[in-house]
Amino acid sequence: MILVHTVDDLRSSLSKAKSVALVPTMGNLHAGHLDLVENAKARAELVVTSIFVNRLQFAPHEDFDSYPRTLEQDRAKLESVGCDVIFAPSERALYPVPQTFKVHPGADLGDILEGEFRPGFFTGVCTVVSKLFNCVQPQFAFFGKKDYQQLSIIKSMVSQMALPIEIVQVQTRREVDGLAMSSRNGYLNPAQRAEAVHLYLALCQMRESFKSGVTKEHVEQEALSYLISRGWRPDYMCIRLAQDLSLNPPENYSPGIDFVALAAAKVGETRLIDNVQFN
Ligand code: PAF
């Protein structure tokens with residue numbers, strides 16, 4: 001495995017590969033990221049994992065400065081799953097001049113749910129992901145379903161821009177109690193960590209209530225009340241159509257339609273997101 005920090009070194013390391021897969025990350029890797037790399041290994045001759053904490057996708061009040069940077073530990077983990085190349089550019093290497101050209105998703109997908117509560121977030125994500133795509137020029141790119149809206153937006157970007165890249169989605173990796181793995185789980189103190197699983201439990205309850213005939217509006221209200229009663233500060237608890245988050249789903253469950261229940265809420269100062277897909 002090699003570690004490169006510049007686009008030139010990255011390109012030389014890829015010049016002979018027949019097929020390349022990219023796993024974009026912000027580092028502080030956990031088993032969910034390693035699942036992405038293992039899946040990528042099964043598809044391409046050479047796997048590149050990028051590690052870059054992307055300032056463009058953080059609002060000024062968010063955790064860009066405190067986001068954990070753990071390159072040495074990440075390197076050992078990536079080595080253990082057979083990653084071939086780590087691309088860990090500095091900000092200067094990836095953004096040598098201010099990035100005034102940006103990729104904006106449409107408001108229909110980009111300004112709802114996460115986009116409503118984190119304005120500009122998906123522009124930052126799409127801009128860096130398309131830049132990473134240009135640097136690596138992979139045939140495959142791997143993303144986790146935990147960031148369901150991000151995945152939908154990237155699939156849509158690749159399709160609308162006719163990028164010759166297959167986006168491969170990988171199941172969310174969960175802790176034993178069900179909490180979705182996330183780099184931000186590391187911010188939780190023991191009491192918050194014990195509480196954190198209730199975000200997932202609330203999503204599972206939404207799925208069960210909706211499937212048992214409770215209306216979407218009622219299900220969403222109940223989930224919000226449940227979390228608020230436990231001391232959370234939810235941004236949203238929503239049921240949407242899995243294939244197009246921007247469309248309003250029917251008020252009632254119908255078998256055969258793919259749904260997704262999505263949640264974002266703060267426990268203490270840590271904002272967690274998760275989702276559960278069902279039909
Ligand atoms: O999901 C993430 O970790 C980031 O949003 C990504 C895709 C690496 C872009 O910075």
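Whatever order the structure lists them in is the order used to number ligands and atoms, beginning at 1. Residue numbers run from 1 in the order of the sequence given.
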- Could you check atom 3 (O) of ligand 1 against the protein and tell me its nearest heavy-atom contact, residue, atom and distance included?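 I find the closest protein heavy atom is Met26 CG, 3.7 Å.
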
- Query: In the protein, what heavy atom is nearest to atom 2 (C) of ligand 1, and what distance, to one decimal place, separates them?
  - Reply: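 Of the protein heavy atoms, Gln150 NE2, 3.9 Å lies nearest.
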
- Task: Measure the acute angle between the ring planes of Tyr187 and Tyr67, then classify it against the limits of 30° and 60° as parallel, tilted or perpendicular.
- Result: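 Ring orientation of Tyr187 relative to Tyr67: perpendicular.
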
- In the hydrophobic clustering that connects Ile, Leu, Val, Met, Phe, Trp and Tyr at side-chain heavy-atom distances below 4.5 Å, which members other than Val37 occupy its cluster, ordered by chain and number?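 Reading the cluster by chain and number, Val37 sits alongside Met1, Leu3, Val23, Leu29, Leu34, Leu36, Val47, Ile51, Leu71, Leu78, Val81, Ile86, Phe140, Phe142, Val168, Val170.
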
- Message: Going by the rule side chain to side chain donor-acceptor pair (under 3.5 Å), which residues pair with Arg207 if we only count those two or more places apart in sequence or in a different chain?
- Response: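 For Arg207 there are no side chain to side chain donor-acceptor pair (under 3.5 Å) partners, ignoring immediate neighbours.
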
- Message: Using the ring centroid of each side chain, check whether Tyr95 and Phe52 are separated by less than 6.0 Å.
- Response: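 That pair passes the under 6.0 Å test.
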
- Based purely on interatomic distance, does Gln57 place a nitrogen or oxygen under 3.5 Å from a nitrogen or oxygen of ligand 1?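 In this structure, Gln57 places an N or O atom under 3.5 Å from an N or O of ligand 1.
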
- side-chain hydrogen bond (donor to acceptor under 3.5 Å, both in side chains) assessment of Glu114 paired with Tyr236: CA-CA 9 Å; Glu114 282 303 280; Tyr236 58 83; 2.6 Å; yes

- Task: Identify which of Pro24, Ser183, Gly144 has a heavy atom lying nearest to atom 8 (C) of ligand 1.
- Result: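 Among Pro24, Ser183, Gly144, the closest heavy atom to atom 8 (C) of ligand 1 comes from Pro24.
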
- Query: For ligand 1, which atoms sit closer than 4.0 Å to a heavy atom of Val128?
  - Reply: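 So the atoms of ligand 1 that pass are 9 (C), 10 (O).
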
- Check each atom of ligand 1 against the heavy atoms of Thr25 and keep those under 4.0 Å away; list them by number with element.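 Matching atoms, with element in brackets: 8 (C).
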
